[in-house]
Amino acid sequence: MESQKPLSERYADQIAHVLIEALPYIRRFRGKTLVIKYGGNAMVDDSLKHSFARDVVLLKLVGINPVVVHGGGPQIGRLLERLGKTSRFVEGMRVTDRETMDVVEMVLGGLVNKEIVNLLNQHGGHAVGLTGKDGGLIRARKIVLRPKDPVAEASEIIDLGHVGEVERIDPAVVDMLVHGDFIPVIAPIGVGEDGVSYNINADLVAGKIAQVLQAEKLILLTNTRGVLGKDGELLTGLTAAEVERLIADGTISGGMIPKIRCALDAIAGGVRSVHIIDGRIEHAVLLELFTDRGIGTLLGGKA
Ligand SMILES: Nc1ncnc2c1ncn2[C@@H]1O[C@H](COP(=O)(O)OP(=O)(O)O)[C@@H](O)[C@H]1O
Ligand SMILES: CC(=O)N[C@@H](CCC(=O)OP(=O)(O)O)C(=O)O
């Protein structure tokens, strides 16, 4: 028989405390849908990737329904670099010509999607990878950026190529997988009416999917502690008006602008709460969901 070392009394007490603290949250979220956006910047090393996969599988095993939407911006950038192509970003979006779109589809729909599916399955989950093309999940339309100057020439309209926005989500395939006890893993690629592929910002897709599924929570894993104030302090419980003020005075900038706008949009669209958390912390998802304090920025209600 395997000999077991007895737990020290203090350690046993801590473990029991952690489990008891989690209990009311598990009870509250059982049967509910959680959309988790796993950003490319949070896929830093193997240990973090495994910790993320364990968290998601644990959620499923305790009766919560996780739906994963992933990014992969840095991974796309690395392959483009190897192919000798450089990316240009406009308002945080990658200008995507035909060739770049092929790479985006290979990296997001192939490499990154299948790596996450494989990780979840290794930890005992039953994950299925999808792009927005599968089951007609994401209908997209081309994004057209107008120049800020209203009298600018039509020729000054910035063409981002195959960059899209979500026109419509058909959740049937996701519903089917969730009810079959699978974990859907979604790459942010949409398809236009004409069958053309579109590259969509992953935060945007996660926000729209959370709305359509009327998710209890949207969790955005990124590479900062959450939304930070002027002095680097963690901000939480922000209202739409406060967010606009922080954007106007430059406290919130760059990639955080579309992220927080899509978070507010999700809440306006019926998602109960949005959490922006640090994906560089091991077990970030469990710590945010199942402990009284949480770790990141919360928008909407805690429950
Ligand atoms: N007030 C702010 N708080 C936190 N991060 C901010 C803020 N303003 C700008 N940022 C930037 O936003 C980045 C997160 O956005 P982004 O790089 O698009 O994330 P992801 O790739 O995870 O989607 C942070 O790494 C940070 O550089
Ligand atoms: C239009 C656009 O910019 N699409 C993104 C899609 C991936 C993404 O959003 O990845 P992260 O979440 O890791 O940033 C891109 O090409 O990088």
Side-chain angles (χ1 to χ4, degrees), residues 36-44 48 52 68-81 85-97 99-109 111-113 115-116 131-132 138 140-143 145 158-166 186-190 197-208 218-236 238 242-263 275-280 284 296-297 299:
I36 305 172
K37 189 264 175 161
Y38 190 30
N41 281 314
M43 303 171 197
V44 182
L48 269 175
F52 170 79
V68 177
V69 176
H70 65 84
Q75 293 80 346
I76 297 168
R78 282 198 289 273
L79 183 55
L80 284 171
E81 212 173 288
K85 275 181 85 81
T86 43
S87 281
R88 192 162 70 88
F89 285 84
V90 177
E91 295 187 17
M93 291 174 287
R94 186 189 309 277
V95 179
T96 306
D97 61 15
E99 234 182 20
T100 303
M101 188 64 227
D102 286 347
V103 173
V104 168
E105 209 149 359
M106 280 187 247
V107 173
L108 294 184
L111 276 176
V112 176
N113 188 273
E115 183 182 13
I116 297 168
T131 74
I138 306 172
R141 61 172 164 246
K142 186 178 166 76
I143 279 193
L145 284 186
I158 304 155
D159 187 0
L160 300 179
H162 288 253
V163 175
E165 61 188 338
V166 175
I186 302 165
I189 294 166
S197 300
Y198 285 101
N199 176 14
I200 313 175
N201 174 284
D203 292 328
L204 263 173
V205 169
K208 294 287 182 201
L218 167 63
I219 300 171
L220 302 165
L221 284 162
T222 183
N223 63 346
T224 70
R225 289 184 290 127
V227 183
L228 305 178
K230 266 208 165 18
D231 302 318
E233 74 283 14
L234 185 68
L235 302 175
T236 194
L238 296 165
E242 284 163 346
V243 165
E244 289 311 322
R245 225 178 10 254
L246 291 165
I247 292 175
D249 75 9
T251 307
I252 295 178
S253 62
M256 191 50 75
I257 297 178
K259 197 181 297 297
I260 195 136
R261 285 216 169 111
C262 105
H275 304 239
I276 299 176
I277 63 174
D278 195 341
R280 301 165 306 173
T297 293
L299 302 167

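For ligands, and for the atoms within them, numbers begin at 1 and follow the listed sequence. Quick caveat, the model's predicted, so the values are computed rather than measured. Numbering starts at 1 and runs along the sequence shown. Excluded from the calculations below are hydrogen atoms, water molecules and symmetry mates; all remaining heavy atoms, backbone and side chain alike, are included.
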State if Lys37 counts as touching ligand 1 under the rule of any non-hydrogen atom under 4.0 Å.
yes

Whether Gly226 lies under 4.0 Å from ligand 1, heavy atom:
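Right, Gly226 reaches ligand 1.
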
How far is [atom] from the closest protein heavy atom, and which atom is that?
atom	value
atom 18 (O) of ligand 1	Gly255 CA, 3.4 Å
atom 27 (O) of ligand 1	Thr224 CG2, 4.7 Å
atom 13 (C) of ligand 1	Asn223 OD1, 4.2 Å
atom 12 (O) of ligand 1	Met256 N, 3.4 Å
atom 17 (O) of ligand 1	Asn41 ND2, 3.9 Å
atom 8 (N) of ligand 1	Ser253 N, 3.1 Å
atom 3 (O) of ligand 2	Arg94 N, 2.9 Å
atom 3 (N) of ligand 1	Leu228 N, 2.9 Å
atom 22 (O) of ligand 1	Thr222 OG1, 2.8 Å
atom 6 (C) of ligand 2	Asn199 OD1, 3.4 Å

State whether the shortest distance between N or O atoms of Gly40 and N or O atoms of ligand 2 falls below 3.5 angstrom.
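Indeed, backbone or side chain, Gly40 has an N or O that close.
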
Would you say atom 1 (N) of ligand 1 touches the protein, meaning some protein heavy atom is under 4.0 Å from it?
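Yes, there is one.
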
Name the one of Asn223, Asn41, Leu221 that satisfies side chain to side chain contact (heavy atoms under 4.5 Å, CB included) with Arg280?
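When side chain to side chain contact (heavy atoms under 4.5 Å, CB included) is applied between Arg280 and each of Asn223, Asn41, Leu221, only Asn223 qualifies.
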
Assign the ring pair Phe52 / Tyr38 to parallel, tilted or perpendicular, where the plane angle (0 to 90°) is split at 30° and 60°.
parallel

Spacing of Lys259 atom NZ and Ile257 atom CD1 [to the nearest 0.5 Å]:
12.0 Å

More than 12 heavy atoms of other residues, nucleotides or ligands under 6.0 Å from CD of Glu81: is that the case?
no

